[in-house]
Amino acid sequence: MLKPYTAPIGVFDSGLGGLSVVQQLQAKMPLEPILYFADTLHVPYGERSDSEIRELTAAAVHWLYENGCKAVVVACNTASAFSLSHLRDFYGETLPIIGLVPAVKPAVQATQTGHIGVLATQGTLRGSLLKDVIEQYAKPAGVTVHTAMSPLLVPFVERGQQHSQACYAELKQILAPLAANQVDQLVLGCTHYPFLAQAIETLYPNVFTLVDSGAAVARQTERILAHQHQLIDDPLHQYSKPPVSKNLSLTLRMVVTGSVAQSRPVVEQLLHHHAFKRPFMLQNAYHD
Ligand code: DGL
């Protein structure tokens, strides 16, 4: 059975990077309550095995389901790469699962040079979702895809060190071959990477147009919920009592599996530039 339309949208990421997707969801559906699960104890997922990624993702989505979410956005390219079909088979119609695929399609459509880049984790580069979109969109258009990855980028964002010298040095090095190969569209194939956008622009001014999937995922989530009349502002519910106090739905509820004290300043920093600035509540997922 579907959860009530007043229930929150669940968002899951291996860590705090999924906040880039939360920002897009809030911009698109400002009235929807969101419950965000960050598996900060096990981040990064990128270097883990397929089965480990699948098991950690299943546990996180189960937590969101048990805590009453009406849909779950897997705001992690790495987790999506190995889990979407399993999760959809398991939950069926009871829980819509929305996943992330690197934004190869819009990059292919926009490239002038015929060369696009994909910056992603090792897991995402290994997974079949990326291979599928390359086959489907890049190959037929004759566009060459250059990939880049570094296991250090997600940890930089998790520690709030996107503007450190070490992070700049790493980005400079891994993106140099892409710049040298006339890449003009750079797909940010990890939800942590929109937080590196400013650093990339500083290092490679006007070289790459950065493309991510956040806005597309927010549109897809809205479409799915609207289709099931599960949006808070669906016309069908106009005569029912306001479901949640506005203040409560405007507060972002977050849970982490690791230390709350360590995550709090980084969450504050990552949400800092958010146009829809709103308060957040932060707890541990498994103990108070
Ligand atoms: N945000 C995750 C992604 O989109 C990071 C994966 C990781 O933990 O390595 O891929």
Side-chain angles (χ1 to χ4, degrees), residues 10-25 34 36-61 64 72-84 87 97-104 117-133 147-162 167 170-171 174 186-197 199-200 210-218 220-221 254-258 262-263 266-267 270-271 285:
V11 178
F12 157 64
D13 182 35
S14 59
L16 304 175
L19 286 174
S20 65
V21 177
V22 167
Q23 293 175 351
Q24 299 289 345
L25 291 168
I34 291 179
Y36 179 92
F37 183 108
D39 193 6
T40 51
L41 196 61
H42 300 106
V43 68
Y45 279 16
E47 312 290 296
R48 294 180 182 275
S49 70
D50 303 14
S51 60
E52 252 183 317
I53 295 169
R54 211 171 283 136
E55 276 160 32
L56 291 169
T57 303
V61 173
L64 289 167
V72 169
V73 179
V74 180
C76 176
N77 291 83
T78 312
S80 292
F82 298 102
S83 305
L84 288 185
L87 291 171
I97 306 277
I98 299 102
L100 251 87
V101 184
V104 166
V118 176
L119 180 60
T121 68
Q122 196 181 75
T124 300
L125 294 182
R126 191 176 69 237
S128 59
L129 286 186
L130 176 63
K131 291 188 183 123
D132 290 349
V133 283
T147 59
M149 78 101 193
S150 158
L152 303 180
L153 297 180
V154 167
F156 280 133
V157 177
E158 285 295 309
R159 295 193 296 263
Q161 294 171 349
Q162 335 47 311
C167 183
E170 182 68 9
L171 279 171
I174 60 168
L186 178 59
V187 177
L188 303 179
C190 168
T191 54
H192 282 70
Y193 299 165
F195 294 110
L196 298 172
I200 296 172
L210 305 180
V211 196
D212 74 64
S213 334
V217 165
Q220 171 75 350
T221 306
M254 288 186 68
V255 295
V256 292
T257 52
Q262 260 174 34
S263 292
V266 182
V267 172
L270 296 180
L271 291 177

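Residues: numbered from 1 along the sequence shown. Read the numbers this way: they start at 1 and go in the same order the structure lists the ligands and their atoms.
By heavy-atom distance, the residue among T78, D39, T124, T40 lying nearest atom 10 (O) of ligand 1 is T78.
Looking at ligand 1, you'll find an N or O of N77 within less than 3.5 Å of one of its N or O atoms.
For ligand 1, the atoms closer than 4.0 angstrom to any heavy atom of D13 are 1 (N), 2 (C). Close contacts between ligand 1 and T121 involve ligand atoms 6 (C), 9 (O), 10 (O) [criterion: under 4.0 Å to a heavy atom]. Those atoms of ligand 1 with a heavy atom of V43 less than 4.0 angstrom away are 8 (O).
With respect to atom 9 (O) of ligand 1, the closest heavy atom belonging to the protein is G46 N, 2.8 Å. For atom 7 (C) of ligand 1, the nearest non-hydrogen atom of the protein is Y45 N, 3.2 Å.
Every heavy atom of G15 sits 4.0 Å or more from the atoms of ligand 1. Within the structure, ligand 1 has S14 among the residues with a heavy atom less than 4.0 angstrom away.
The closest donor-acceptor contact from the side chain of R54 to the backbone of F82 lies under 3.5 Å. Put simply, the side chain of S213 never gets that close to the backbone of A216: no donor and acceptor are under 3.5 Å apart. A donor-acceptor contact shorter than 3.5 Å is absent between the side chain of T191 and the backbone of S20. Put simply, the side chain of T40 never gets that close to the backbone of G15: no donor and acceptor are under 3.5 Å apart.
Residues C190 and T124 are not in side-chain contact: their nearest non-hydrogen atoms beyond the backbone lie 4.5 Å or more apart.
Each of D13, T78, N77 was checked for a side chain to side chain contact (heavy atoms under 4.5 Å, CB included) with Y45, and the lone residue meeting it is T78.
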Could you walk me through whether D132 and V101 pass the side chain to side chain contact (heavy atoms under 4.5 Å, CB included) test, one step at a time?
CA-CA 10 Å; D132 290 349; V101 184; over 6 Å; no

